[in-house]
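Step one of this worksheet: look at the structure below.
For ligands, and for the atoms within them, numbers begin at 1 and follow the listed sequence.
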Amino acid sequence: MTAIALGADHAGYPLKEDLKAWLGARGYEVVDLGTRSSESVDYPDFAAAVALAIISGKAERGVLVCGTGIGMAMAANKVPGVRAAACTDSYTARMSREHNDANVLALGARVTARDAAIEILDAWLSAPFAGGRHARRVEKLGALERVRGAAEERLDAKAR
Ligand code: RB5
């Protein structure tokens with residue numbers, strides 16, 4: 001069974017708890033990386049924790065919740081190997097799996113109600129990556145990460 005890392009900021013905390021209960025009831029192994037209250041925190045810290053769980057292999061998928069899902073997706077996508085999709089409906093959630101092989105789903109607790117969020121999560125978890133021509137495109141996403149890495153190395157070398 002797939003291990004799923006969960007992360008949220010204060011805005012996403014109550015929805016994260018609902019999603020955790022829903023996933024647990026369906027037998028998923030859940031790795032809850034916080035936050036654990038509605039006290040104000042910074043979403044990039046939790047996006048980073050979930051991203052690292054993915055790239056280290058501790059979890060196969062990640063779910064992040066903030067107010068809109070946008071900040072979480074932006075932060076998680078900074079980590080090479082992460083493909084985070086901010087989704088507000090089941091269709092884009094399914095497409096993010098079938099076409100983009102998204103390994104992180106970002107949800108917005110201020111824009112998506114609990115039941116809709118569960119529908120989106122269910123659609124996202126059920127959809128397989130379609131492969132084929134989409135595999136070539138996803139490989140090109142990875143190539144962009146390497147271009148960025150090479151550019152950063154050149155800048156570092158100049159600074160020395
Ligand atoms: C927190 O107020 C809010 O900015 C955050 O949850 C998120 O929506 C950022 O993208």
Side-chain angles (χ1 to χ4, degrees), residues 2-26 28-127 129 134 137-138 140-142 144-149 151-152:
T2 312
I4 300 181
L6 289 186
D9 69 356
H10 51 287
Y13 165 70
L15 179 57
K16 188 253 295 170
E17 293 302 301
D18 287 343
L19 300 181
K20 182 164 70 174
W22 185 86
L23 288 165
R26 273 147 197 85
Y28 287 97
E29 184 193 331
V30 175
V31 183
D32 184 354
L33 297 170
T35 188
R36 298 182 197 287
S37 77
S38 293
E39 192 184 322
S40 181
V41 289
D42 298 334
Y43 60 83
D45 298 336
F46 298 90
V50 167
L52 293 177
I54 302 285
I55 62 167
S56 68
K58 285 197 186 101
E60 288 158 63
R61 304 273 194 96
V63 178
L64 287 165
V65 193
C66 63
T68 57
I70 293 171
M72 283 296 197
M74 285 183 171
N77 279 323
K78 298 286 180 199
V79 178
V82 170
R83 291 175 301 281
C87 298
T88 51
D89 60 76
S90 301
Y91 177 74
T92 50
R94 185 159 60 80
M95 286 299 112
S96 80
R97 288 287 313 132
E98 291 184 3
H99 288 197
N100 314 114
D101 199 17
N103 51 12
V104 172
L105 172 68
L107 294 166
R110 292 177 181 157
V111 292
T112 304
R114 177 193 174 279
D115 289 357
I118 285 172
E119 249 178 55
I120 293 167
L121 176 58
D122 197 13
W124 188 74
L125 288 171
S126 318
F129 177 47
H134 303 295
R137 294 161 187 168
V138 169
K140 288 186 178 185
L141 292 178
L144 289 174
E145 291 170 350
R146 294 190 289 278
V147 166
R148 192 179 68 186
E152 281 164 0

Could you tell me whether the side chain of R83 and the main chain of D101 form a donor-acceptor pair under 3.5 Å?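 Confirmed, R83 side chain pairs with D101 backbone.
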
If we ignore hydrogens and angles and just use 3.5 Å, is the side chain of D89 paired with the main-chain N or O of Y91 as donor and acceptor?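 Yes, because the side chain of D89 sits within donor-acceptor range (under 3.5 Å) of the backbone of Y91.
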
Heavy-atom cut-off of under 4.0 Å around ligand 1: list whichever protein residues fall inside it, by chain and number.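 These residues qualify: D9, H10, A11, Y43, C66, G67, T68, G71, R110.
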
Count the heavy atoms of every other residue, nucleotide or ligand shown that sit under 6.0 Å from CE of M95, and state whether that count exceeds 12.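 For M95, atom CE is crowded (more than 12 foreign heavy atoms under 6.0 Å).
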
[X] to [Y] - nearest heavy-atom pair and separation:
| X | Y | answer |
| --- | --- | --- |
| K16 | A8 | CB-CB, 3.6 Å |
| G12 | A109 | CA-CB, 4.0 Å |
| Y13 | T35 | CD1-O, 3.3 Å |

